[in-house]
Amino acid sequence: MKKTHSGSCHCGAVHFTAPFDLDEGIRKCNCTYCFKTGYRKAFAYGDAVTVTGGAALIGHYAADPSSWPEGTIDHMFCTKCGTQLFSRGYLEFEPFNGWFHAVNVSTLDDVTPQELDAAPIIHEDGLHDRQMQAPSLTGYL
């Protein structure tokens, strides 16, 4: 069931809310960004993420070069402590159908380790732009 979760960065300067269903899975991706940052994400569709505090401290990052079309991916982080908060992206296929947010589940303040542990893990082959497929190797993710 979709629930509005609250999250924050490590230092507490940035706060946000985002509606999503952990039963839809926590996604682990092998793209260089997710792999290097240890990003584990859940999707909130549309412009559903609401920054409730510290908006001025949110930094933005997009890789250059990137396989994503310019302007369709934006990784957001706290400029004070560096915590990767969420990313905003655009994909034209199901289940995205446009804009979405990939929320870093490690930033959630209102979920227990048991809830995270119970969520299914979905692996993405983002390294090869096949986000809806698992890569051949997943143990390292």
Side-chain angles (χ1 to χ4, degrees), residues 1-55 57-141:
M1 181 169 66
K2 194 174 284 191
K3 174 185 171 188
T4 298
H5 294 279
S6 59
S8 64
C9 62
H10 184 259
C11 71
V14 179
H15 293 267
F16 66 91
T17 61
F20 56 86
D21 184 353
L22 279 175
D23 289 337
E24 290 181 5
I26 294 172
R27 302 179 80 85
K28 292 182 174 182
C29 179
N30 67 346
C31 77
T32 56
Y33 181 82
C34 290
F35 180 68
K36 287 181 181 264
T37 63
Y39 212 79
R40 297 173 304 145
K41 57 196 172 192
F43 290 124
Y45 302 105
D47 280 326
V49 170
T50 302
V51 176
T52 57
L57 291 171
I58 294 178
H60 299 267
Y61 171 74
D64 182 23
S66 173
S67 60
W68 288 70
E70 188 173 334
T72 62
I73 189 70
D74 183 15
H75 302 293
M76 292 171 231
F77 60 95
C78 173
T79 58
K80 188 173 175 185
C81 67
T83 301
Q84 307 296 320
L85 300 164
F86 47 83
S87 300
R88 184 172 187 255
Y90 185 89
L91 292 170
E92 293 184 350
F93 54 84
E94 291 282 342
F96 308 100
N97 298 321
W99 290 105
F100 67 93
H101 284 84
V103 177
N104 182 354
V105 298
S106 296
T107 64
L108 299 177
D109 297 324
D110 62 352
V111 297
T112 65
Q114 292 82 359
E115 289 173 294
L116 292 173
D117 194 58
I121 299 297
I122 300 166
H123 294 97
E124 298 179 348
D125 189 6
L127 186 62
H128 300 105
D129 291 326
R130 295 186 299 242
Q131 285 80 5
M132 302 312 285
Q133 297 177 30
S136 59
L137 299 174
T138 60
Y140 71 100
L141 297 175

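- Taking the centre of each ring, F16 and F86 come in below the 6.0 Å mark.
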*side-chain contact (heavy atoms from CB on, under 4.5 Å) between Y90 and F96, intermediate numbers included*: CA-CA 8 Å; Y90 185 89; F96 308 100; over 6 Å; no

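- In this structure, F43 and Y45 have tilted ring planes: the angle between them lies in the 30° to 60° band.
- With rounding to the nearest 0.5 angstrom, the CG atom of L116 is 8.5 Å from the CD1 atom of I121.
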*Could you give me the CA-CA distance, side-chain angles and deciding distance for H5 and V111, then say whether side-chain contact (heavy atoms from CB on, under 4.5 Å) is met?*
CA-CA 8 Å; H5 294 279; V111 297; 3.5 Å; yes

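- Taken to the nearest 0.5 Å, the OG1 atom of T138 stands 11.0 Å off from the CG atom of D125.
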*Please assess T83 against H10 for the test side chain to side chain donor-acceptor pair (under 3.5 Å), listing each intermediate value before the final yes or no.*
CA-CA 6 Å; T83 301; H10 184 259; 5.5 Å; no

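- Between R27 atom CZ and Y39 atom OH the span is 13.0 Å, to the nearest 0.5 Å.
- Although no hydrogens or angles enter the test, the distance criterion places a donor-acceptor pair under 3.5 Å between the side chain of E115 and the main chain of T112.
- Side-chain contact annotation: Y33 with Q84, donor-acceptor N/O pair under 3.5 Å present.
- Judged purely by distance below 3.5 Å, without hydrogens or angles, the side chains of D109 and S8 pair a donor atom with an acceptor atom.
- With rounding to the nearest 0.5 Å, the separation of CD in Q131 from CG in L91 is 6.0 Å.
- Residues H101 and G46 come closest through the heavy atom pair ND1-O, 3.4 Å.
- Distance check: S136 OG to H128 NE2 gives 8.0 Å after rounding to the nearest 0.5 Å.
- A distance-only check finds no donor-acceptor pair linking the side chain of N104 to the backbone of L85 [under 3.5 Å].
- No side-chain N or O of T52 forms a donor-acceptor pair with one of H15 less than 3.5 Å apart.
- Separation of atoms CG (L57) and CE (M76) is listed at 14.5 Å; rounding is to 0.5 Å.
- Looking at N30, its side chain does come within 3.5 Å of a backbone N or O of G126 through a donor-acceptor pair.
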*After noting the C-alpha distance and the side-chain angles of V49 and F20, does the key distance pass the side-chain contact (heavy atoms from CB on, under 4.5 Å) rule?*
CA-CA 10 Å; V49 170; F20 56 86; over 6 Å; no

